[in-house]
Trainee: 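First the structure, then my questions, so here it is.
For clarity, every value in this text was computed on a predicted model and none was experimentally measured.
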Amino acid sequence: MENSFAITTTFIAYLILMLAIGVIAYQRTKNSSDYFLGGRSLGPWPAALSAGASDMSGWLLLGLPGYAYAAGIEAFWLAGGLLVGTWLNWLINAKRLRTYSITTDALTLPEFLSRRFNDKSKMIQVISAFFILLFFLFYTSSGLVAGGKLFETVFGLDYTTAVVIGTVCVVSYTLFGGFLAVSWTDLVQGLLMSAALLIVPIAAMEGGFSDLSGQLESINPELLTLWNDSKGEPLSAIAIISLVAWGLGYFGQPHILARFKATRSNKDLTTARRIAVVWTALSMLGAMLVGIVGLIYVNNSGVSVDDGEKIFMLLVNALFHPVIAGILLAAILAAVMSTADSQLLVSSSALAEDFYKQVFKQDASSEEIVMVGRVAVVGISIVALVLAMTPDSSVLGLVSYAWAGFGAAFGPALILSLYWARMNRNGALAGILVGGITIVVWKQLSGGWFDVYEIVPGIIFSTLSIIVVSLLTGEPEESVKAQHAKFEKQLVELD
């Protein structure tokens, strides 16, 4: 009873702190630019940690440790791909996207792509918004599933009740504060997540698990090799490509790309990139150690684990005083909230800016757009809540589908739009459609190369369709060429 009270008190204090940040941000949110991009005022630390925290979500403390718990060192393929993808995304996209979004005065990713190619039909904006809403429903659901598992394990709540409570927590401060609330809370949550992932395995190793390789080998020597799975079977080329290919998803994630556009200067992005890469490396290393150390603990203690994705929670409860445990378990809530809030915000901006304003009321005021965005946060969260009601849902499984969807639909279109002056409106539209549709179709197929992670064919087909259709349908309009020339000049000036 005392343990439960201490953990509950810690959780309540944490939630009050997050809501307080939301209220402060609410007072600084005056228009749609403030609500959706924070007035482009982020410094390097909040930009970097907000991008990292919103990227990693509950899968960093549940999905990745669960994977390392089951597969051992094999998890390094996945983590390595993500680390390289993080670095390349900041290096390739950050400065150019921020500069070009200023040139086009665009708040959302669909709005940027539409203005980049002077799409008078608004088809790019509307179709992009559709894919954002489709894939974010699965992504947000993964966060709510993670929150449900947390509250279910810590408080012994019924899973359905636990998911509802987690949803209410996330919606509350997203609704009020918008982008600033999301980014400021992400800064706190990112630091808490990385600290928890490093403290837990270190504490476990000091408690008698220092000989990791020896103890892991006694459990299953196959867990110590990069080239075999846990059953001793050689990893196929398809398996390795699928794991490393997770890194390709970064180039099309709207909630991460929004941080680039919201940073206050191009120079800050260089500092932010270094912070983001270091934070990602430490966090993923800690997550894998949690899974590996957790496997050794379970093997030595005889404790049974029905779900490998709960191993972080099991270690925390076993190794720490209830007050410290409450703080560390709050890191899972931080991971869930930091991603779900960003996803809800991007989804609401897609509905408000890219659907409502473009299709229904083009002369809508900034205040009206913000109000529609807040209503959208509630509506989208309800749909995601319904999708999250299955307790057997895998956090990593839900994330993988949404991650591939964004990476294929928007990654090639965005990179080529920032670098290739010859790309036109038809090419952009083809790339978005082909990339998104490939993910949906490929997911339903199996056997042979159809078992490869769907992001790989999605990005290949999207890239090819952009290049082929752009070359076959004529050069961009003169106004589009002039805008690209202006962007290149502005990029030099801002650097």
Trainee: Supply the atom-to-atom distance Q253 CD to D55 CG, rounded to the nearest 0.5 angstrom.
Mentor: 7.5 Å
Trainee: Say you draw a straight line from CG of L315 to CG of L328; how long is it, rounded to the nearest 0.5 Å?
Mentor: 11.0 Å
Trainee: List for me each residue that meets salt bridge (Lys or Arg N to Asp or Glu O under 4.0 Å) alongside K310, sequence neighbours excluded, and say none if there are none.
Mentor: E152
Trainee: For residues I311 and Y297, determine if any side-chain heavy atom of one lies less than 4.5 Å from a side-chain heavy atom of the other.
Mentor: no
Trainee: Scan for salt bridge (Lys or Arg N to Asp or Glu O under 4.0 Å) pairs involving residues 240-250, sequence neighbours excluded, and state none if there are none.
Mentor: none
Trainee: For a 4.5 angstrom cut-off between non-hydrogen side-chain atoms, does I459 reach F251?
Mentor: no
Trainee: What's the shortest heavy-atom distance between A47 and T263, and which atoms?
Mentor: CB-OG1, 3.6 Å
Trainee: Would you sort out whether F461 and I437 count as a side-chain contact (heavy atoms from CB on, under 4.5 Å), showing the intermediate values?
Mentor: CA-CA 10 Å; F461 294 156; I437 292 171; over 6 Å; no
Trainee: Considering non-hydrogen atoms only, spot the tightest contact between G252 and P254 and give its length.
Mentor: O-CD, 3.1 Å
Trainee: Please step through side-chain contact (heavy atoms from CB on, under 4.5 Å) for the pair L295 and L223, ending with a clear verdict.
Mentor: CA-CA 11 Å; L295 176 61; L223 296 174; 3.3 Å; yes
Trainee: State, without any angle test, whether Y250 and N93 hold a side-chain donor-acceptor pair at a distance under 3.5 Å.
Mentor: no
Trainee: Could you give the distance from OG (S101) to NZ (K261), rounded to the nearest 0.5 Å?
Mentor: 6.0 Å
Trainee: Could you list all the salt bridge (Lys or Arg N to Asp or Glu O under 4.0 Å) pairs where at least one residue sits in residues 267-286, not counting sequence neighbours?
Mentor: R264-D268
Trainee: Please name all residues satisfying ring pair (Phe, Tyr, Trp, His ring centres under 6.0 Å) with F136, sequence neighbours left out, ordered by chain then number.
Mentor: H255, F406
Trainee: Take L387 and L144, measure what side-chain contact (heavy atoms from CB on, under 4.5 Å) needs, and give me the verdict at the end.
Mentor: CA-CA 9 Å; L387 292 174; L144 301 184; over 6 Å; no
Trainee: Closer than 3.5 angstrom, by distance alone: can the side chain of N89 be matched with the main-chain N or O of G85 as a donor-acceptor pair?
Mentor: no
Trainee: Could you work out, with ring pair (Phe, Tyr, Trp, His ring centres under 6.0 Å) as the rule, every residue matching W45, not counting sequence neighbours?
Mentor: none
Trainee: Work out which heavy atom in I455 is nearest to a heavy atom in L248; give both atom names and the distance.
Mentor: CD1-C, 3.9 Å
Trainee: Go through the side-chain N and O atoms of Q215 and N300 and say whether any donor and acceptor fall under 3.5 Å apart.
Mentor: yes
Trainee: Determine, using ring centers only, whether F135 and W403 are less than 6.0 Å apart.
Mentor: no
Trainee: At what distance, to the nearest 0.5 angstrom, does OH of Y69 lie from CG of L314?
Mentor: 8.0 Å
Trainee: Of all residues at least two apart in sequence or in a different chain, which pass the side-chain contact (heavy atoms from CB on, under 4.5 Å) check with S381?
Mentor: T167, V171, L344
Trainee: In residues 190-200, what donor-acceptor pairs under 3.5 Å come from side-chain atoms, sequence neighbours left out?
Mentor:
unit_1, atom_1, unit_2, atom_2, d
S194, OG, G190, O, 3.2
S194, OG, L191, O, 3.1

Trainee: Is the side chain of S462 donor-acceptor paired with the backbone N or O of G431 at a distance under 3.5 Å, no angle test?
Mentor: yes
Trainee: For the CD1 atom of I292 and the CE atom of M288, what is their distance to the nearest 0.5 Å?
Mentor: 7.0 Å
Trainee: So which heavy atom on V163 is nearest to which on G148, and how close?
Mentor: CG2-CA, 3.7 Å
Trainee: Could you note down all residue pairs passing side-chain hydrogen bond (donor to acceptor under 3.5 Å, both in side chains) where residues 226-241 supplies at least one of them, sequence neighbours left out?
Mentor: E222-N228
Trainee: F312: which residues meet the ring pair (Phe, Tyr, Trp, His ring centres under 6.0 Å) condition with it, sequence neighbours left out?
Mentor: none
Trainee: Show me the donor-acceptor pairs within less than 3.5 Å that the side chains of residues 72-84 make with the rest of the protein, sequence neighbours left out.
Mentor:
unit_1, atom_1, unit_2, atom_2, d
E74, OE2, Y67, OH, 2.6
W77, NE1, L226, O, 2.7

Trainee: Would you call T280 and W87 a side-chain contact if the rule is heavy atoms closer than 4.5 Å?
Mentor: no
Trainee: Quick one, V164 and Y159 - any side-chain contact, counting heavy atoms below 4.5 Å?
Mentor: no
Trainee: Decide side-chain contact (heavy atoms from CB on, under 4.5 Å) for L62 and M313; before the verdict, give the C-alpha distance in whole Å, the side-chain angles of both, and the deciding distance to 0.1 Å.
Mentor: CA-CA 9 Å; L62 299 180; M313 291 179 273; 3.8 Å; yes
Trainee: Got a sec: does the CZ of F320 have more than 12 other heavy atoms crowding it under 6.0 Å?
Mentor: yes
Trainee: Report the residues that fulfil side-chain hydrogen bond (donor to acceptor under 3.5 Å, both in side chains) with Y453, sequence neighbours left out, ordered by chain and then residue number.
Mentor: none
Trainee: Of all the heavy-atom pairs spanning A239 and L235, show the shortest one and how long it is.
Mentor: CB-CD2, 4.3 Å
Trainee: Under 6.0 Å between ring centres, would you say that holds for F260 and W90?
Mentor: yes
Trainee: Hey, does the side chain of R259 reach the backbone of A48 with a donor-acceptor pair shorter than 3.5 angstrom?
Mentor: no
Trainee: Output all residues satisfying side-chain hydrogen bond (donor to acceptor under 3.5 Å, both in side chains) with S283, sequence neighbours left out; order by chain, then residue number.
Mentor: none
Trainee: Looking at CG of N299 and CD1 of I296, how far apart are the two atoms once the value is rounded to the nearest 0.5 Å?
Mentor: 8.5 Å
Trainee: If I compare all heavy atoms of S446 with all of D451, which pair ends up nearest, and what's the gap?
Mentor: CA-OD1, 3.5 Å
Trainee: Taking the side chain as every heavy atom from C-beta outward, state whether S400 and K443 have any atom pair closer than 4.5 Å.
Mentor: yes
Trainee: With the side chain counted from C-beta on, respond yes when V456 and S242 share a heavy-atom pair under 4.5 Å apart, and no when they do not.
Mentor: no
Trainee: Does the side chain of R98 come within less than 4.5 Å of L269's, by heavy atoms?
Mentor: yes
